[in-house]
Amino acid sequence: MTQAPESLNLSVNDATKKSLDRDCTTLSRHVLEQMHSFGAEAQDLSAVMNRIALAGKLIARRLSRAGLMEGVLGFSGDINVQGESVKNMDVYANDVFISVFKQSGLVCRLASEEMEAPYYIPENCPIGRYTLLYDPIDGSSNTDTNLSLGSIFSLRQQQGDDKDQTASDLLTNGHKQIAAGYILYGPSTMLVYTMGNGVHSFTLDPSLGEFILSEENIRIPNHGSVYSVNEGNFWQWEESMREYIRYVHRTEGYTARYSGAMVSDIHRILVQGGVFLYPGTIQKPEGKLRLLYETAPLAFVIEQAGGRATTGLVDILDVVPKKLHQRTPLIIGSKQDVAKVESFIQNGH
Ligand code: AHG
Ligand code: MN
Ligand code: MN
């Protein structure tokens, strides 16, 4: 029997070791590494992220079999607090996030797009002073056609005791977010998060049932060719927004991409650069997207990756909402591309 040369043995071992190291860089371990601590706060945040990951796995599992199961696709028949028709997946995903935090001792309140008022988990409140804000399914209109969807999350520390259960302490700017990110249900399921120290992406390995680190410290390009906007609203926009779109049309090097789920559109922009826009209209100057669980968490992610997010006049992270479900216009993405849109809004060219 011929012996493999020693150097070959070594490189095989190195490769195995490298892939084992990678497989063991799970989300919860990564959070601990980010915190440079094994203290109580680090353990709590690691556990919170682990529960969010569990929610993502449960939603991904249901989506992967949606066409084979009863009651997964279609509408529930209800209208939510936003005045939008609720889909069965919205209801399921909303409940998933509540269920994963029950008996966790971690999260006292959850606030979501689908609930008029926050949901309290009283048994957690004496110890778990975090609030989770979330959009359980982003891009619901893609559900019935097997296209990409997302979930968006934002974590805040509760301020005060909220005895009257008004959750008024949530009405603060986006810099108060401790962690934020999204889960993207695409060909693979990805989780992207920030805790204010860079942006990191994880891919769900279905054979392990774990989110494994894909890329650390993602940087968004300063400029990209993609502009992502629903041009069906063209005649409802202010003239300055129409002027920007006309500029894009007559300038070489721009291409349009719009999926109906901003998590996937913004993920493309995070990786390849460009700009996503959901401007206000003349009728609805505040636009469609909600600040606390849609635009602020995505702004936190994109800014941490070196990009920008603005309403056109104010940085998204500086906006202080007056109510839980407040909407804001959104222009988000590569620095140069966001600045270009701003120049149209602010100077009219
Ligand atoms: P949601 O499904 O949570 O209501 O959000 C949908 C959002 C966003 O994801 C998407 O980019 C946009 O609304 C699509 O809206 P239009 O159909 O108006 O373009
Ligand atoms: Mn949404
Ligand atoms: Mn939604």
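Excluded from the calculations below are hydrogen atoms, water molecules and symmetry mates; all remaining heavy atoms, backbone and side chain alike, are included. As the structure lists them, so they are numbered: ligands from 1, and atoms in each ligand from 1.
Residues Gln82 and Arg327 have side chains in contact (heavy-atom distance under 4.5 Å, counting atoms from C-beta outward).
Residue Glu84 approaches ligand 1 through these ligand atoms, each under 4.0 Å from one of its heavy atoms: 4 (O). Listed by number with element, the atoms of ligand 1 under 4.0 Å from a non-hydrogen atom of Phe276 are 11 (O). Of all the atoms in ligand 1, the ones that sit under 4.0 Å from a non-hydrogen atom of Asp135 are 3 (O). Short contacts between ligand 1 and Glu294, defined as distances under 4.0 Å to a heavy atom of the residue, involve ligand atoms 3 (O), 5 (O).
A donor-acceptor pair shorter than 3.5 Å can be found between the side chains of Ser154 and Gln177. Checking Tyr185 against Ser151 by side-chain atom types alone, a donor-acceptor pair falls below 3.5 Å. Remark: the Asn124 side chain and the Tyr130 side chain contain no N/O donor-acceptor pair separated by less than 3.5 Å.
Note on Asp135: its N/O/S atom closest to the Mn ion (ligand 3) is OD1. Among the heteroatoms counted here (N, O or S) of Asp138, OD1 is the one nearest to the Mn ion (ligand 2). Looking only at its N/O/S atoms, Glu294 has OE2 as the one nearest to the Mn ion (ligand 2).
Closest protein heavy atom to atom 5 (O) of ligand 1: Asp138 OD1, 3.2 Å. For atom 10 (C) of ligand 1, the closest non-hydrogen atom of the protein is Gly260 O, 3.4 Å. Protein heavy atom in closest approach to atom 17 (O) of ligand 1: Asn230 ND2, 3.9 Å. Nearest protein heavy-atom contact of atom 14 (C) of ligand 1 is Tyr258 OH, 3.3 Å. Shortest contact from atom 18 (O) of ligand 1 to any protein heavy atom: Tyr278 OH, 2.5 Å. Of all protein heavy atoms, the one lying nearest to atom 15 (O) of ligand 1 is Lys288 NZ, 2.8 Å.
Distance check, rounded to the nearest 0.5 Å: CZ of Arg308 to OG of Ser334 gives 11.5 Å. Note that the CG atom of Leu110 and the OG1 atom of Thr131 stand 8.0 Å from one another [nearest 0.5 Å].
Under the 4.5 Å side-chain heavy-atom criterion for ILVMFWY residues, no single connected hydrophobic cluster contains both Leu184 and Leu58.
Residues Tyr244 and Phe344 bring their aromatic ring centres within 6.0 Å. Two rings, from Tyr182 and Phe153, have their centers 6.0 Å or more apart. Between Tyr293 and His325, the ring centre distance stays below 6.0 Å. Between His30 and Phe211, the ring centre distance reaches or exceeds 6.0 Å.
Ligand 1 has no N or O atom lying under 3.5 Å from any N or O atom of Asp265, backbone or side chain. By the 3.5 Å distance cut-off applied to N or O atoms, Ala261 is not counted among the residues near ligand 1. Distances between N or O atoms of Gly139 and those of ligand 1 include at least one value under 3.5 Å. Taking any N or O of Ile137, backbone or side chain, at least one lies under 3.5 Å from an N or O belonging to ligand 1.
Between the Mn ion (ligand 2) and Glu113 there is no N/O/S contact shorter than 2.8 Å. When distances to the Mn ion (ligand 3) are checked against a cut-off of 2.8 Å, Asp90 contributes no N, O or S atom below that limit. The Mn ion (ligand 3) has an N, O or S atom of Ile137 inside 2.8 Å of it.
Checked against Asp315 for a side chain to side chain contact (heavy atoms under 4.5 Å, CB included), the options Asp318, Leu313, Val319 give a single hit: Asp318.
Heavy-atom neighbours of Arg61 CZ from other residues, nucleotides or ligands within 6.0 Å: at or below the threshold of 12.
Contact annotation: for Arg290 versus ligand 1, heavy atoms closer than 4.0 Å belong to the side chain alone.
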